[in-house]
Amino acid sequence: PETLATRLAAAEGLTLVPANNEVGYRGVSLHTSPGTFHVRKRKDGKNYELGHFSSAAEAALAYARFLGPAESAKEAAQSSRKRR
């Protein structure tokens with residue numbers, strides 16, 4: 001379903017990266033605080049904590065913004081190949 005986050009991602013040339021996890025997006029997990037989603041990414045040997053968000057789609061947008069347009073598209077393509 002289209003959300004504000006998916007519209008913003010498209011407008012910014014980003015791709016939300018799907019995943020086979022409980023929330024449906026790579027790098028996003030349900031936080032211990034009820035109703036919040038946590039985003040993290042390991043890149044170049046470092047852990048990046050990208051924040052807490054009120055929806056999984058908002059969290060996925062933060063993940064995609066961190067990656068940038070080319071890398072988010074690449075990860076999404078890799079993810080879709082794995083899900084088949």
If you take all heavy atoms of [X] and [Y], which pair is closest and at what distance?
X	Y	answer
A60	V28	N-CG2, 3.7 Å
P69	G13	CB-O, 3.2 Å
A62	L50	O-CD1, 4.2 Å
L14	R65	CD1-CG, 3.5 Å

Item to complete: Could you please spell out the steps behind the salt bridge (charged side-chain N to carboxylate O under 4.0 Å, His left out) verdict for K41 and E71?
Response: CA-CA 13 Å; K41 171 69 175 162; E71 191 66 25; 6.0 Å; no
Worksheet item: Taking C-beta and beyond as the side chain, do T36 and F53 meet within less than 4.5 Å on heavy atoms?
Response: no
Worksheet item: Does any non-hydrogen side-chain atom of Y63 lie less than 4.5 Å from one of Y25?
Response: no
Practice prompt. Return the orientation label for the H52 and H31 ring planes: parallel under 30°, perpendicular over 60°, tilted otherwise.
Written response: perpendicular
To the nearest 0.5 Å, tell me how far [X] [atom1] sits from [Y] [atom2].
X	Y	atom1	atom2	result
L16	T3	CG	OG1	7.0 Å
R7	E12	CZ	CD	12.5 Å
Y48	R40	OH	CZ	15.0 Å

Worksheet item: Can you check whether V17's main-chain N or O pairs, donor with acceptor, with S79's side chain at less than 3.5 Å?
Response: no
Item to complete: Name all residues meeting the side-chain hydrogen bond (donor to acceptor under 3.5 Å, both in side chains) criterion together with S54; count only those two or more places apart in sequence or in a different chain, and write none if there are none.
Response: E58
